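One-based numbering, in listed order, for ligands and for the atoms of each. All values derive from a computational prediction rather than experimental measurement.
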Amino acid sequence: MFFASDNTSGLPPEIWDALRQADDGFAAGYGGDDLTRRLRDRLRSIFEAPEAEVFLVTTGSAANALALATLTPPWGAIYCHPLAHIEVDECGAPEFYTSGAKLAHVAGADGKIAPDALNAKLAASGRGNVHNVQPGALSLTNLTECGTRYSVAEITALASIAHDHGLPVHLDGARFVNALVAEGCSPADLSWRAGVDALVLGGTKNGLMGVEAVILFDPARAWEFQLRRKRAGHLWSKHRYLAAQMLAWLEDDLWLRLARHANDMAATLEAGLPEGALMFPRGGNMLFARFSRATHAALQAAHAQYFLWPDSETLEGPEHETASARLVTSWSTTPGQVAQFLSHLPRR
Ligand SMILES: *Cc1c(COP(=O)(O)O)cnc(C)c1O
């Protein structure tokens with residue numbers, strides 16, 4: 001029962017096949033190969049963005065930090081939710097790669113930035129005052145860190161506030177595909193058409209071995225991004241192995257099928273939860289639930305894997321009190337694993 005993260009899953013056979021096929025003789029390094037060119041063209045076509053530039057890196061933290069560094073000056077403020085991965089889980093990489101830009105929290109329920117809160121923050125931004133950091137960029141995450149999902153309309157509303165203030169919009173899409181299939185719209189609708197300027201399209205949590213694509217819908221920023229990526233030590237010389245994986249992922253809608261499966265498994269999990277256990281509306285393949293400590297003890301005795309989040313890091317405390325679990329499903333989660341997990345919960 002592996003519900004700790006979608007990065008605990010392995011690789012689908014199609015991806016191994018693609019790696020094996022790419023492993024044939026010689027190819028130019030550093031992204032000068034055919035597979036990388038084909039991937040860029042394929043993503044341009046899928047995203048209906050013929051001008052977009054596409055760059056690969058191997059971690060989401062590098063993708064976020066390098067994209068934000070390209071969007072924001074060192075004296076910029078990056079507006080993000082207090083639970084954002086860039087704030088909580090990247091060890092200061094965004095601050096480091098931007099040479100000191102400041103992450104500014106904008107609150108909102110269920111892991112989503114509230115438009116009113118963003119407006120208020122920007123109204124008091126200190127623009128033009130030399131003593132203050134200057135508005136730099138808006139950063140959103142979809143799916144959010146609470147497992148909820150921004151709709152196209154919600155992204156559009158936030159991005160238009162940002163653009164009205166001259167700010168570019170970054171989207172951390174570690175689980176973009178899970179959001180995409182749940183939202184049932186086109187990739188363009190959930191990204192540039194809604195106002196996203198730089199998208200991190202996450203592959204690792206949806207079946208790839210360390211492949212994240214940074215898609216810059218404004219190609220004017222591309223050269224700077226390339227220099228920053230190389231300088232950060234993130235320009236892979238054997239680039240074809242990254243590109244091959246993502247190309248195979250996009251073939252025959254594999255990326256969408258993998259994400260749909262993960263989301264379906266989370267829906268099954270949600271349907272079996274005790275009444276009132278779910279903490280946030282589920283947007284895709286991740287959910288949070290409160291269980292009694294006795295239930296946690298039973299799950300852990302049965303070796304279920306998951307994180308206690310966001311309430312507590314340990315299970316110490318009174319038996320009758322609840323603690324929250326973060327449960328993430330993946331492309332390889334099986335109905336049997338879900339059923340086994342649910343069998344340890346109190347009946348609905
Ligand atoms: C997993 C994840 C990332 C990427 O993390 P890395 O470990 O650096 O690859 C980024 N954002 C969110 C929301 C994530 O869940």
key: His239 side-chain N/O to Trp236 backbone N/O, donor-acceptor pair under 3.5 Å   = yes
key: Expected output: side-chain Gln337 to main-chain Thr334 donor-acceptor under 3.5 Å   = yes
Check: Glu90 N/O within less than 3.5 Å of ligand 1 N/O = no
Sidechain-backbone polar pair: Thr98 side chain, Glu95 backbone, donor-acceptor under 3.5 Å = yes
task = Under 4.0 Å from a heavy atom of Thr59: give me the atoms of ligand 1 that qualify, with their elements.
result = 8 (O), 9 (O)
query = Does the protein put any heavy atom within less than 4.0 Å of atom 7 (O) of ligand 1?
reply = no
task = Flag the pair His296 / Tyr306 as yes when their ring centroid distance falls below 6.0 Å, and as no otherwise.
result = yes
request  = For the pair Tyr150 (side chain) and Ala179 (backbone), establish whether a donor and an acceptor sit closer than 3.5 Å, ignoring hydrogens and angles.
outcome  = no
key: Any N or O of Lys205 closer than 3.5 Å to N or O of ligand 1   = yes
Residues which pass side chain to side chain donor-acceptor pair (under 3.5 Å) with Asp253, listed by chain and number, not counting sequence neighbours = none
key: Subset of ligand 1 atoms that lie under 4.0 Å from at least one heavy atom of Glu145   = 13 (C)
key: Pairing residues for Tyr97 by the ring pair (Phe, Tyr, Trp, His ring centres under 6.0 Å) criterion, not counting sequence neighbours   = none
inquiry  = Testing Thr59, Asp89, Asp172 one by one against Asn64 for a side chain to side chain donor-acceptor pair (under 3.5 Å), which residue passes?
reply    = Asp172
ask   = Nearest to atom 11 (N) of ligand 1, what protein heavy atom do you find, and at what distance?
value = Asp172 OD2, 2.6 Å
query = Can an N or O of Gly60 be found at a distance shorter than 3.5 Å from an N or O of ligand 1?
reply = yes
task = May I ask you to identify, for Ser61, whether its side chain, its backbone, both or neither come under 4.0 Å of ligand 1 on a heavy-atom basis?
result = both
inquiry  = Need the ligand 1 atom indices (1-based, order shown) with element for anything under 4.0 Å from a heavy-atom of Arg175.
reply    = 15 (O)
request  = Do me a favour and list the nearest non-hydrogen protein atom to atom 5 (O) of ligand 1 with residue, atom name and distance?
outcome  = His85 CE1, 3.4 Å
query = Is ligand 1 less than 4.0 angstrom away from at least one heavy atom of Glu212?
reply = no
ask   = So, is Thr141 polar-close to ligand 1, with some N/O to N/O distance under 3.5 Å?
value = no
